[in-house]
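For the single chain, residues carry numbers from 1 onward in sequence order. Every value quoted in this text rests on a predicted model; they were computed, and no experiment measured them. In listed order, ligands and their atoms are each counted from 1.
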Amino acid sequence: MPNSVPSHILIIFGASGDLAQRKLIPAVYDLYRGGYLPEHFALLGASRTDYTDEQFRDKVVFDSEFFTAEQKEQAQLKEFSKLLFYQDLKVYDGKEDIDKLKARLDVLSQEFRTGSNYIFYLSTPPKLYSTIPGALAASGLNAPEGGWARLVVEKPFGYDEASAKKLNEDIQSFFPENDIYRIDHYLGKETVQNLLVTRFANGFFEPLWNRNYIQSVQITAAETVGVGSRGGYYDGSGAMRDMIQNHLLQVLAHVAMEPPIRADAVSIRGEKMKLFQSLRPIKGETVAKQVVRAQYTAGDTKDGRVVSYRDAEGVPDDSTTETYVAMKFFIDNWRWAGVPFFIRTGKCLPLKVTEVVITFKNPPQAIFAEFDDYAMKCDNQLIIRIQPDEGMAMEFGMKVPGEGFRVKNVDMDFFYRDLTTQDVPESYSRLLLDCMKGDPTLYARGDSVEVAWAFTDPIIEAWEKGEAPLTTYEAGTWGPAEADALWSDVPNGGWRNPAESLVDDKHYTKL
Ligand SMILES: NC(=O)C1=CN([C@@H]2O[C@H](COP(=O)(O)OP(=O)(O)OC[C@H]3O[C@@H](n4cnc5c(N)ncnc54)[C@H](OP(=O)(O)O)[C@@H]3O)[C@@H](O)[C@H]2O)C=CC1
Ligand SMILES: O=C1O[C@H](COP(=O)(O)O)[C@@H](O)[C@H](O)[C@H]1O
């Protein structure tokens, strides 16, 4: 396999933290196992805790629950761990600490012959997302002599449009936009990328993919988990900021954007930006009509009994933060004029599932209606399963064998895993690899992050002013009844609640 990744050092700020341990180090190991890392490579973890290199390797590899006991016995993992190093560093102390980092990088780049090529990954508390790039710039590490530097920024990218703008201005004053990689792990999901291939590699979808044939589009991202021990973080965020402003608007962009002229960063990100600019604002009194927000109360979920959100660790008793949002909105452009779009997401719902459902309009005349009422119910739906059991199903009507013309809904189901025997790559591995190659296509562009905030800000503002009610739903249910009312003016419309059933030992989930 040709390896087009240049030699470099990956520096993870926040290396002692949860994300580094849970996702980043395992993702880099996946790349190592797959032979994707360059011959000249090293990883330098940096955070406040004082570890030696060996202690760091123990923490993130050998004592980590994110590697299996079997992996820990393998020579490959031991070899990989020798590429990991650690530098204790306190960024708020200013330049001196970054100089410590610089000195270490000089040594490592000599030893590993990486050249002065650096990827700086920010996995610290967000308040450091401007400070660290500033300190790097003060030491010249943003533009190393004879090499290059890239900056990866974790979510959340801002808290609203104003803070995202400020953050963009700050980091763009230290790194050029082309070298800034704003990560959104949903863009690393194979099936989110596959939305583009489905739409733009198949001739038969394109003529149907517009207001003439599509009745509605819905996106559901349901989670069975509650906030668990993340209440402190989550309560300052809520479902709108945590899931919709970033992940689900990105999924929407893949479903609804115009065809890019090429499959490259400039074309794809340009089309996504236009799509975000076409979102019809929801503000003032329309918020209560088009957006439902709710909090879970105690209940039984797939993972067991959970306490109510307000009783969760780190959540104030009188919290008004939403753990569920359902919304209806429109895209004001030629393709989508008049088509209602629906998005919902929530914690403590019955299933962990993310899917997109395209519902097509009925044929102009129901000529089989006299035989029974199936003809009226016959939904032509395309169901795109983002996770789990990645794949796609198409529902359409078939004749029931026997007399007359009774029609029944059937589906053609494609499971993504049938396409390949290889494991579907983890989001973080794919995204890290793209950054290593210098390809930002699957990363969010600065201006489009701001425009996405501009869409969600007025909704959050209306909530903060108490202009729309906060309702509740019992944990383990599909959310509040108010969410169904959003569909009241869509004929035969409604949320599709995927059900779990055993099909066979391979296809254990059928939606
Ligand atoms: N955890 C997750 O699943 C996800 C996290 N994120 C985002 O990633 C970022 C990191 O999250 P997470 O790993 O959970 O957070 P943690 O609190 O677990 O880790 C924070 C890390 O930042 C380091 N740090 C804090 N202050 C400083 C400082 N002044 N100087 C240097 N290092 C510092 C900490 O070092 P030390 O502990 O050694 O003091 C620690 O390594 C957050 O912005 C979060 O929003 C995004 C998506 C998912
Ligand atoms: O970014 C986040 O995403 C997860 C859901 O991600 P998924 O890949 O498991 O669908 C969510 O649980 C978390 O609250 C949010 O911060």
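With ring centers used as reference points, Tyr428 lies 6.0 Å or more from Tyr121. Between Tyr29 and Phe67, a ring centre-to-centre spacing shorter than 6.0 Å is recorded. No close placement of the His8 and Tyr118 rings is indicated, their centers lying 6.0 Å or farther apart.
Within a 6.0 Å radius of CD in Glu464, other residues, nucleotides and ligands contribute more than 12 heavy atoms.
Under the 4.0 angstrom criterion, atom 17 (O) of ligand 1 counts as lacking any protein heavy-atom contact.
A salt bridge does not link Glu322 with Arg241: every distance from a Lys NZ or Arg NE/NH1/NH2 to an Asp or Glu carboxylate oxygen is 4.0 Å or more. Under a 4.0 Å N-O distance rule, the pair Asp303/Lys352 does not qualify as a salt bridge. Using a 4.0 Å cut-off between charged nitrogen and carboxylate oxygen, Asp434 and Lys437 do not count as a salt-bridge pair. Using a cutoff of 4.0 Å between basic side-chain nitrogens and carboxylate oxygens, Arg104 and Asp53 are scored as salt-bridged. A salt bridge is absent between Lys102 and Asp99: the closest approach of a Lys/Arg side-chain nitrogen to an acidic carboxylate oxygen does not fall below 4.0 angstrom. Residues Glu54 and Arg57 are paired through a salt bridge, judged by an N-O separation under 4.0 Å between the basic side chain and the carboxylate.
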| message | Let's go through Trp463 and Val325 carefully: what are the C-alpha distance in whole Å and the side-chain angles of both, what is the deciding distance for side-chain contact (heavy atoms from CB on, under 4.5 Å) to 0.1 Å, and is it a yes or a no? | response | CA-CA 12 Å; Trp463 290 345; Val325 173; 3.8 Å; yes
| query | Do Lys155 and Asp242 pass the salt bridge (Lys or Arg N to Asp or Glu O under 4.0 Å) test, and can you show the C-alpha distance, the side-chain angles, and the key distance before you say yes or no? | reply | CA-CA 9 Å; Lys155 70 171 277 203; Asp242 189 48; 3.0 Å; yes
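Under a 4.0 Å criterion applied to the non-hydrogen atoms of Leu89, ligand 1 contributes the atoms 30 (N), 31 (C). Shown in contact with Pro156 at under 4.0 Å from a heavy atom are these atoms of ligand 1, numbered in order with element: 45 (O). Set against the non-hydrogen atoms of Tyr129, the atoms of ligand 1 under 4.0 Å away are 9 (C), 42 (C), 43 (O). If you number the atoms of ligand 1 from 1 as listed, the ones under 4.0 Å from a heavy atom of Pro126 come out as 43 (O). Each of the following atoms of ligand 1 lies closer than 4.0 Å to a heavy atom of Ser123: 9 (C), 10 (C), 21 (C).
For atom 38 (O) of ligand 1, the closest heavy atom belonging to the protein is Thr49 OG1, 2.4 Å. When hydrogens are left out, the protein atom nearest atom 30 (N) of ligand 1 is Val91 N, 3.1 Å; that is the closest non-hydrogen contact. The nearest heavy-atom contact from the protein to atom 15 (O) of ligand 1 is Asp18 N, 4.4 Å. At the top of the distance list for atom 47 (C) of ligand 1, counting protein heavy atoms only, stands Glu154 OE1, 3.7 Å. The protein atom (non-hydrogen) at minimum distance from atom 39 (O) of ligand 1 is Arg48 NE, 2.6 Å. In terms of protein heavy-atom proximity, atom 4 (C) of ligand 1 is closest to Leu19 CD1, 3.6 Å. Looking only at heavy atoms of the protein, atom 23 (C) of ligand 1 is closest to Gly14 CA, 3.9 Å.
Between the side chain of Glu154 and the backbone N or O of Thr124, no donor-acceptor pair lies under 3.5 Å.
Checked against a 3.5 angstrom limit, the closest N/O atoms of Tyr233 and ligand 1 fall outside it. In terms of polar-atom proximity, defined here as any N/O pair under 3.5 Å, Lys155 does make such a contact with ligand 1.
Annotation: the span from Tyr473 atom OH to Lys347 atom NZ amounts to 9.0 Å, rounded to 0.5 Å. Distance OG1/Thr191 to CD1/Ile386: 4.5 Å, rounded to 0.5 Å.
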List ligand 2's nitrogen or oxygen atoms that come under 3.5 Å of a protein nitrogen or oxygen, with the partner atom and distance.
residue: ligand 2; atom: 1 (O); partner: Lys155; partner atom: NZ; Å: 2.9
residue: ligand 2; atom: 1 (O); partner: His247; partner atom: NE2; Å: 2.8
residue: ligand 2; atom: 6 (O); partner: His185; partner atom: NE2; Å: 3.2
residue: ligand 2; atom: 8 (O); partner: His185; partner atom: NE2; Å: 2.8
residue: ligand 2; atom: 8 (O); partner: Lys189; partner atom: NZ; Å: 2.6
residue: ligand 2; atom: 9 (O); partner: Lys352; partner atom: NZ; Å: 2.6
residue: ligand 2; atom: 10 (O); partner: Tyr186; partner atom: OH; Å: 2.5
residue: ligand 2; atom: 10 (O); partner: Lys352; partner atom: NZ; Å: 2.9
residue: ligand 2; atom: 10 (O); partner: Gln387; partner atom: NE2; Å: 2.7
residue: ligand 2; atom: 12 (O); partner: Glu223; partner atom: OE1; Å: 2.5
residue: ligand 2; atom: 12 (O); partner: Glu223; partner atom: OE2; Å: 3.3
residue: ligand 2; atom: 12 (O); partner: Lys347; partner atom: NZ; Å: 3.1
residue: ligand 2; atom: 14 (O); partner: Arg230; partner atom: NH1; Å: 3.0
residue: ligand 2; atom: 14 (O); partner: Asp242; partner atom: OD2; Å: 2.6
residue: ligand 2; atom: 14 (O); partner: Lys347; partner atom: NZ; Å: 2.8
residue: ligand 2; atom: 16 (O); partner: Lys155; partner atom: NZ; Å: 3.0
residue: ligand 2; atom: 16 (O); partner: Arg230; partner atom: NH2; Å: 3.2
residue: ligand 2; atom: 16 (O); partner: Asp242; partner atom: OD1; Å: 2.6
residue: ligand 2; atom: 16 (O); partner: Asp242; partner atom: OD2; Å: 3.4

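In this structure, of Ala46, Pro125, Ser47, the residue bringing a heavy atom nearest to atom 22 (O) of ligand 1 is Pro125. Closest heavy-atom approach to atom 27 (C) of ligand 1 among the candidates Ile12, Leu128, Thr124: Leu128. Proximity annotation for atom 34 (C) of ligand 1: of Ser16, Gly45, Ala15, Gly17, Ser16 comes nearest, heavy atoms only.
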